[in-house]
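Below is one structure, written out as structure tokens; comments come after it.
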Protein chains: 4
Amino acid sequence: MISFASDYITGAHPKVLQRLLESNTEVLPGYGTDKYCAAAADKIRAACGNNRLDVFFLSGGTQANAVIIATMLAPYQGAVAAITGHINAHEAGAVEYTGHKVLPLPHHQGKIAPAELYAYLEDFYADANHDHMVYPGLVYISHPTEYGTLYSKAELTALAEICRRYKIPLFMDGARLAYALASYDADVTLTDIATLCDAFYIGGTKAGALCGEAVVFKPEFTPPGFITMTKQHGAMLAKGRLLGVQFDALFTDGLYLEIGRHAIAMAEQLKQALCEAGCRFLLNSPTNQQFIILENAKLAELQQHVAVSFWEKVDDNHSAVRLATCWSTTPEDIAALRQYL
Amino acid sequence: MISFASDYITGAHPKVLQRLLESNTEVLPGYGTDKYCAAAADKIRAACGNNRLDVFFLSGGTQANAVIIATMLAPYQGAVAAITGHINAHEAGAVEYTGHKVLPLPHHQGKIAPAELYAYLEDFYADANHDHMVYPGLVYISHPTEYGTLYSKAELTALAEICRRYKIPLFMDGARLAYALASYDADVTLTDIATLCDAFYIGGTKAGALCGEAVVFKPEFTPPGFITMTKQHGAMLAKGRLLGVQFDALFTDGLYLEIGRHAIAMAEQLKQALCEAGCRFLLNSPTNQQFIILENAKLAELQQHVAVSFWEKVDDNHSAVRLATCWSTTPEDIAALRQYL
Amino acid sequence: MISFASDYITGAHPKVLQRLLESNTEVLPGYGTDKYCAAAADKIRAACGNNRLDVFFLSGGTQANAVIIATMLAPYQGAVAAITGHINAHEAGAVEYTGHKVLPLPHHQGKIAPAELYAYLEDFYADANHDHMVYPGLVYISHPTEYGTLYSKAELTALAEICRRYKIPLFMDGARLAYALASYDADVTLTDIATLCDAFYIGGTKAGALCGEAVVFKPEFTPPGFITMTKQHGAMLAKGRLLGVQFDALFTDGLYLEIGRHAIAMAEQLKQALCEAGCRFLLNSPTNQQFIILENAKLAELQQHVAVSFWEKVDDNHSAVRLATCWSTTPEDIAALRQYL
Amino acid sequence: MISFASDYITGAHPKVLQRLLESNTEVLPGYGTDKYCAAAADKIRAACGNNRLDVFFLSGGTQANAVIIATMLAPYQGAVAAITGHINAHEAGAVEYTGHKVLPLPHHQGKIAPAELYAYLEDFYADANHDHMVYPGLVYISHPTEYGTLYSKAELTALAEICRRYKIPLFMDGARLAYALASYDADVTLTDIATLCDAFYIGGTKAGALCGEAVVFKPEFTPPGFITMTKQHGAMLAKGRLLGVQFDALFTDGLYLEIGRHAIAMAEQLKQALCEAGCRFLLNSPTNQQFIILENAKLAELQQHVAVSFWEKVDDNHSAVRLATCWSTTPEDIAALRQYL
């Protein structure tokens with residue numbers, strides 16, 4: 001059965017796996033102090049155009065979100081996020097488990113609107129009782145969003161300016177950042193992100209690694225004691241090399257972008273196939289996740305042959321489903337899909 | 001430079017790596033629902049002699065300890081442990097971060113004494129003010145301990161009986177369980193452990209995997225909502241296959257025990273080399289970690305050629321250091337070491 | 001200056017204060033084990049018509065909400081509440097601080113609609129990914145609500161039935177319960193509440209006590225270790241008598257209801273005065289809190305003479321404000337107010 | 001029956017109660033913003049000889065300890081305390097519930113030794129692995145200690161110097177501070193404490209108030225967002241006046257010291273009575289708590305007539321018990337006691 005169920009359906013990109021093989025018997029120190037972690041961090045700093053950045057490697061996305069948010073916030077602060085933000089809906093309360101509220105804003109195809117963020121912050125501080133409320137302590141955005149959409153450079157700049165005005169950091173969840181950077185609509189570079197965001201992470205798990213996310217802080221935003229807190233959250237691997245080697249591979253010879261580009265190219269073919277079959281799109285996504293609306297009967301039939309993800313109920317007879325591409329998607333997969341549409 | 005610094009100095013055992021390679025392009029569902037996780041769980045149940053056990057895969061040891069303890073305890077309960085227990089000393093307060101106190105007992109070469117556990121529990125309930133104190137909610141032991149020592153079957157049985165009497169679960173941290181099972185002094189089998197302990201984990205990271213620990217519960221002790229709570233703790237990998245495939249390999253054709261046996265054989269050679277060189281041992285460890293006391297000058301000289309772990313200060317002129325073996329230790333490593341002793 | 005700013009603007013009802021005076025030099029044991037706490041609990045059980053109920057005394061409302069919710073929920077569960085619920089908006093993230101998400105539902109003048117609760121629960125369990133989401137672990141309602149409105153017996157029964165169907169407890173925040181019970185629109189008795197809710201608290205602070213809330217559980221819902229957990233939350237007073245004596249007074253000779261009735265009678269006079277002055281009401285509240293909409297200029301003028309609470313911005317020129325009555329409100333206060341309207 | 005069971009066996013000192021009565025019908029704003037809280041804070045600042053201090057009022061001792069420690073520490077830090085410290089043993093894990101470890105040092109009649117604190121801190125930072133351990137984030141001392149003993153000015157100065165050297169704050173639990181200040185052995189004034197400690201609290205509950213502790217911070221140590229965090233911990237009373245009025249009374253005309261002096265005078269009479277009866281003391285306490293060792297049979301007999309507190313088991317036939325004096329202890333109580341000794 002062919003699968004477009006997600007971008008984590010297969011293992012690692014062959015080049016990533018190759019590096020794990022090659023380095024397997026090397027003797028290395030533990031807990032992220034090995035030379036591969038150092039090299040990967042250097043390459044990420046270079047790709048971001050800022051050699052002062054702090055880079056850490058954690059093993060997964062929920063973990064990265066929870067650790068970053070918990071360590072950047074004071075106890076009386078919460079994380080402002082789109083109501084559809086992954087941290088608000090699909091992470092089992094991982095942020096709240098660390099003691100912090102998610103402060104939801106309306107979403108626009110997964111994005112928060114600068115004007116609404118601004119109004120929220122203005123109103124918060126205008127309220128004479130705000131001492132009895134959770135303070136907005138950082139702004140969380142995902143890029144691409146959970147709906148596959150992208151912030152423009154103008155939008156990202158507006159959000160960053162509002163955050164600076166209110167002295168709260170801007171944090172980007174880049175679990176699928178490869179697909180934002182490689183999108184044909186990409187308006188924002190990695191350098192832009194490293195300039196406009198105060199913290200972000202570069203997702204590995206959903207972009208060709210077996211596991212791992214590279215967390216990047218502007219140094220003035222790196223939480224003191226961050227290493228100790230990753231240990232405390234159970235987010236530090238004894239064989240830290242597993243993350244270092246993979247990110248070293250991903251940031252060698254542009255592999256990370258190459259993986260993004262391949263998936264985007266496949267997503268464009270996918271879109272075309274879906275269009276040609278007359279599918280109705282839930283929205284226009286310029287990244288590797290495509291969302292279509294199907295009659296339930298049609299969906300049941302399709303799922304006999306093709307794995308897709310249920311996304312949400314549209315009405316009693318229709319469902320929205322997600323199809324995703326990744327490093328391992330092939331033109332043959334798309335061709336096979338066409339016959340079932 | 002040769003290294004006995006730890007049992008996580010190299011990557012995965014070749015057979016584990018091979019299985020990752022072979023399965024890399026297979027399309028599999030995420031979050032631990034793949035067939036490898038299922039197969040690995042079945043093989044672990046078989047190895048434990050109890051097909052009713054619940055098995056879950058987490059990515060690291062600190063995480064496994066924190067998640068198991070946090071999910072088994074009620075908020076008013078703490079974890080009884082040897083004062084030297086890893087959770088009490090070297091996990092950055094990961095247990096306390098989840099809101100629970102570690103209740104320390106004296107240690108005897110890393111072990112807790114059944115009589116002292118019994119006396120502690122008796123005294124706790126005899127105290128009229130125990131409602132103002134943290135209730136003992138589980139007993140944590142490590143096997144091998146942090147000092148490489150082992151519980152005998154009689155000791156483990158005594159601990160289990162006390163726990164049952166007081167209706168609190170017995171939890172074993174088996175981060176290095178391979179070396180307990182393969183020790184020439186082993187008195188306790190995996191089946192014994194699965195019978196006497198209510199929860200335990202089988203360590204992968206320190207026994208030939210890249211990462212991963214297999215958490216085992218007697219079903220009546222499996223915390224409701226455990227899957228959701230692993231997500232909440234950031235302990236669930238999207239590519240859960242990474243853990244499933246590795247544990248499937250470790251529990252195929254006795255590889256886990258084979259890895260243990262190899263490291264124990266190397267540890268016996270190591271011990272002999274250390275003995276012959278007249279080294280003074282901190283204690284007699286029957287597992288893969290050996291602890292010796294060296295003059296500081298001698299240690300500095302040794303570290304020019306051999307990586308070892310500083311363990312503790314003995315006096316102003318002497319230090320205790322740890323030397324560990326693992327799947328990748330060779331007789332050549334021991335031979336090389338001899339010349340520097 | 002006259003004040004309708006809140007129902008905690010003055011000290012204790014004279015009869016409550018009198019009992020504190022009379023009992024002041026009695027020697028009593030600490031931590032809630034004194035005879036007044038026991039007597040107060042008995043009287044509350046009698047007033048609830050169920051002598052099996054468990055009753056505890058905590059010092060404040062935010063504390064009662066946080067302690068009850070934190071101790072009733074498992075770590076993977078959250079509290080379903082109206083988006084306007086006090087715990088969601090005005091308690092500084094006290095619930096999230098204990099690690100639990102507030103799961104907001106739409107509000108209807110502060111109330112949740114049974115049909116919407118039902119749909120939410122149905123959808124939650126229908127979602128194949130609900131293991132990655134926070135489980136609904138209890139339903140929080142306030143009665144009166146933050147808008148002064150009341151649940152009817154039919155509504156409360158419907159909510160209770162849905163909760164039972166989904167096996168989650170129904171918890172009522174009764175910080176202002178006196179005013180619900182004494183309202184001319186009251187459709188729900190204390191016995192009804194004790195039958196339909198699984199946990200609730202009877203507010204003292206806002207109904208004539210200096211401090212204190214009486215927490216009531218059906219015994220099958222009392223969290224094991226509750227006493228220890230109140231200590232852990234810093235919610236246990238050494239001189240527990242302070243709470244026991246006050247609640248003993250409040251539940252002697254119907255004082256609690258008497259306080260409610262007085263405030264309701266004053267609220268009716270207040271309403272009439274506001275009506276006669278042509279004030280526009282934000283909504284129709286049958287309890288001790290009245291909400292009116294004023295032009296900002298008019299409000300500024302009124303506040304020269306009368307203390308009221310800003311409630312919310314209505315538009316650029318209008319604000320909603322709250323006026324509350326309590327045990328100490330007098331007809332003279334209302335008369336004085338009339339001249340400034 | 002006469003009682004020496006604790007210093008919270010009776011209500012409030014008559015002058016405190018009187019002020020509650022007098023102010024009862026005054027209209028005041030809530031949540032600690034009233035004029036009595038302001039006046040009490042001013043008087044405390046004056047008594048401390050430093051008008052820059054920040055003063056807050058919380059309702060109880062466990063709460064004060066937990067809130068202060070949780071808000072002063074970063075998540076990767078713990079509180080260093082004597083192993084006998086109240087926070088380590090008798091507060092139901094309230095500190096750990098906030099996510100922080102208590103780091104125990106040996107005790108010397110309840111006190112920590114400066115040399116041992118110094119050695120601990122030196123060793124901590126000397127350990128190459130301290131990133132995997134809980135950082136010492138503040139030093140907690142109680143004065144008087146749980147054993148009624150006092151720090152000398154030299155000891156307190158030594159502790160403060162070590163704390164400054166390591167840049168960690170020194171925090172004093174003054175639940176019974178009145179008795180330290182009034183002790184015939186008192187070597188440390190309130191001004192000394194306000195100079196040498198970075199945070200401390202002045203206990204009301206155990207020194208003549210119904211409830212309440214006054215928390216004092218040097219301004220550079222006041223945690224940002226402290227008000228919001230007291231709300232979040234459920235530590236803020238709506239009728240904050242209850243605390244303000246009481247502390248205003250306690251710090252008017254030297255009442256706090258007067259209460260201390262009375263209890264100390266009674267304790268001296270008590271000591272003499274115990275001496276004359278040939279009682280064996282557990283240790284020499286210069287404050288209001290006296291500890292004696294009794295044969296169990298003798299204790300049982302005594303408890304027929306006199307309430308005392310069991311402290312600890314000495315051996316199979318002997319127990320240590322505590323007798324405490326307070327504002328309400330009378331010479332008649334001592335005289336009555338004599339006949340049962």
Side-chain angles (χ1 to χ4, degrees), chain C residues 1-3 5-14 17 20-21 23-31 58-67 90-94 96-98 175 205-206 209-211 225 227-243 245 307 328, chain D residues 1-3 5-14 17 20-21 23-31 58-67 90-94 96-98 175 205-206 209-211 225 227-243 245 307 328:
Chain C
M1 190 160 83
I2 52 170
S3 176
S6 75
D7 34 23
Y8 42 88
I9 56 171
T10 45
H13 186 279
L17 205 53
L20 283 172
L21 270 170
S23 63
N24 190 57
T25 55
E26 276 185 63
V27 167
L28 295 172
Y31 301 113
L58 303 188
S59 61
T62 297
Q63 190 181 74
N65 283 330
V67 172
H90 291 96
E91 294 191 337
E96 290 85 357
Y97 183 73
T98 70
T205 306
K206 289 163 185 165
L210 287 170
C211 62
I227 288 282
T228 303
M229 293 188 290
T230 61
K231 177 82 179 173
Q232 189 176 56
H233 281 259
M236 183 187 274
L237 295 183
K239 294 185 180 169
R241 64 197 291 151
L242 171 58
L243 305 174
V245 169
S328 62
Chain D
M1 191 159 83
I2 53 170
S3 175
S6 76
D7 34 22
Y8 41 88
I9 56 171
T10 45
H13 186 279
L17 205 53
L20 284 172
L21 269 171
S23 63
N24 191 56
T25 55
E26 278 184 61
V27 167
L28 295 172
Y31 301 113
L58 303 188
S59 61
T62 298
Q63 191 181 74
N65 282 329
V67 173
H90 291 95
E91 294 190 337
E96 290 85 356
Y97 183 73
T98 70
T205 307
K206 290 165 184 164
L210 287 170
C211 62
I227 289 283
T228 303
M229 294 188 288
T230 60
K231 178 82 179 175
Q232 189 177 56
H233 281 259
M236 185 188 273
L237 295 182
K239 293 185 181 170
R241 64 196 291 151
L242 171 58
L243 305 175
V245 169
S328 62

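Letters A, B, ... mirror the listed sequences (proteins, then strands); counts begin at 1. Note that the coordinates shown come from a computational prediction; the quantities given were computed from them, not determined experimentally.
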Is chain C contacted by the side chain of [X], its backbone, both, or neither, given a heavy-atom distance below 4.5 Å?
| X | answer |
| --- | --- |
| D/Ala64 | neither |
| D/Ile2 | neither |
| D/Ser23 | neither |
| D/Ala238 | both |
| D/Ala5 | neither |
| D/Ser59 | both |
| D/Leu17 | side chain |

Residue that, paired with C/Gln63, satisfies side chain to side chain contact (heavy atoms under 4.5 Å, CB included) out of D/Lys231, D/Gln63, D/Met236: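 So, applying the side chain to side chain contact (heavy atoms under 4.5 Å, CB included) to C/Gln63 and each of D/Lys231, D/Gln63, D/Met236, only D/Gln63 qualifies.
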Given D/Leu237, D/Leu242, D/Val245, the one that forms side chain to side chain contact (heavy atoms under 4.5 Å, CB included) with C/Leu210: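 Of the listed options, the one satisfying the test is D/Leu242.
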Plane angle bin for C/Tyr97 and D/His233 - parallel if under 30°, tilted between 30 and 60°, otherwise perpendicular: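 It falls in the tilted class, 30° to 60°.
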Among [options], who wins on heavy-atom pairs under 4.5 Å with chain C?
| options | result |
| --- | --- |
| D/Arg241, D/Glu26, D/Met1 | D/Arg241 |
| D/Ala12, D/Gly30, D/Gly93 | D/Ala12 |
| D/Thr62, D/Leu20, D/Val67, D/Asn65 | D/Thr62 |

Is chain D contacted by the side chain of [X], its backbone, both, or neither, given a heavy-atom distance below 4.5 Å?
| X | answer |
| --- | --- |
| C/Thr228 | both |
| C/Thr205 | both |
| C/Leu58 | neither |
| C/Ala209 | backbone |
| C/Ala66 | neither |

Contact check, side chains of D/Ile9 and C/Leu28, non-hydrogen atoms, under 4.5 Å: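 No, their side chains stay 4.5 Å or more apart.
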